Amino acid sequence: MAVSKAEYERRVERFVRTCRDHGMKVTHQRMEVFRELAGTEEHPDAEAIYQSVRQRVPAISRDTVYRTLASLEEQGIVHKAEILFSKARYDANTDRHHHFVCTECGRVRDFYSEALNELPLPKTVTSLGRIESAHVQLRGVCAACARRKR
Ligand SMILES: [Zn+2]
Ligand SMILES: [Zn+2]
């Protein structure tokens with residue numbers, strides 16, 4: 001699913017700002033990689049991003065795409081959404097959100113919930129380490145898969 005034009009533009013604008021703040025040049029290739037991710041809610045993996053960017057920028061190498069994603073992640077510009085699979089999936093949505101993961105097709109959908117944002121964390125967790133972020137991952141069968149099965 002594609003994101004709205006307004007959201008897309010907000011992400012690109014934030015990307016440019018964050019790069020500047022971190023002294024990172026907004027190169028053509030970085031921009032193309034980010035644009036690919038900013039326009040989708042699919043949480044694609046690096047290979048899928050590479051395959052799409054290639055359509056627009058045939059000269060880009062797989063290695064460049066992977067390295068770009070890794071450096072954007074290091075700067076906190078994109079997030080890694082470690083989900084069900086061994087492959088890292090990337091997420092340009094850096095607003096506080098949660099995930100619904102379909103166990104059939106592997107689709108990952110964002111959702112927002114003030115109530116979940118404020119979920120109190122059990123004291124026992126702090127003995128495991130310092131918490132840096134928390135998000136809720138729901139697993140189930142998405143509407144499209146449920147329809148297909150019927
Ligand atoms: Zn599904
Ligand atoms: Zn997400």
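None of the values given here were measured: they were computed from a predicted structure. Just so you know, residue 1 is the first one in the sequence shown, and it goes up from there. Ligands are counted one by one from 1 in listed order, and the atoms in each one are counted from 1 as well.
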May I ask you to say whether E104 pairs ionically with K149, meaning some side-chain N is under 4.0 Å from a carboxylate O? yes
Metal site the Zn ion (ligand 2): N/O/S of H43 inside 2.8 Å: yes
Parallel, tilted or perpendicular: which describes the rings of F111 and H98, with under 30° parallel and over 60° perpendicular? tilted
Would you confirm whether R62, through its side chain, and Y50, through its main-chain N or O, come within 3.5 Å as a donor-acceptor pair? no
Can you tell me if, anywhere in H98, an N/O/S atom lies at a distance from the Zn ion (ligand 2) that is smaller than 2.8 Å? no
Checking distances from the Zn ion (ligand 2), one finds that the N, O or S atom of D110 closest to it is OD1
Could you see if L116 belongs to whatever hydrophobic cluster contains L138? Use Ile, Leu, Val, Met, Phe, Trp, Tyr and a side-chain cutoff under 4.5 Å. yes
Report the name of the N/O/S atom of D91 located nearest to the Zn ion (ligand 2). OD2
Can you see which heavy atom on S127 is nearest to which on T124, and at what distance? OG-O, 2.7 Å
Using a strict threshold of under 4.0 Å (side-chain N to carboxylate O), is an ion pair present between E47 and R89? no
Mind checking how many protein N/O/S atoms fall short of 2.8 Å from the Zn ion (ligand 1)? 4
N93 and H43 side chains, donor-acceptor separation under 3.5 Å: no
Identified side-chain contact (heavy atoms from CB on, under 4.5 Å) counterpart of V33 within the set V57, I60, V78: I60
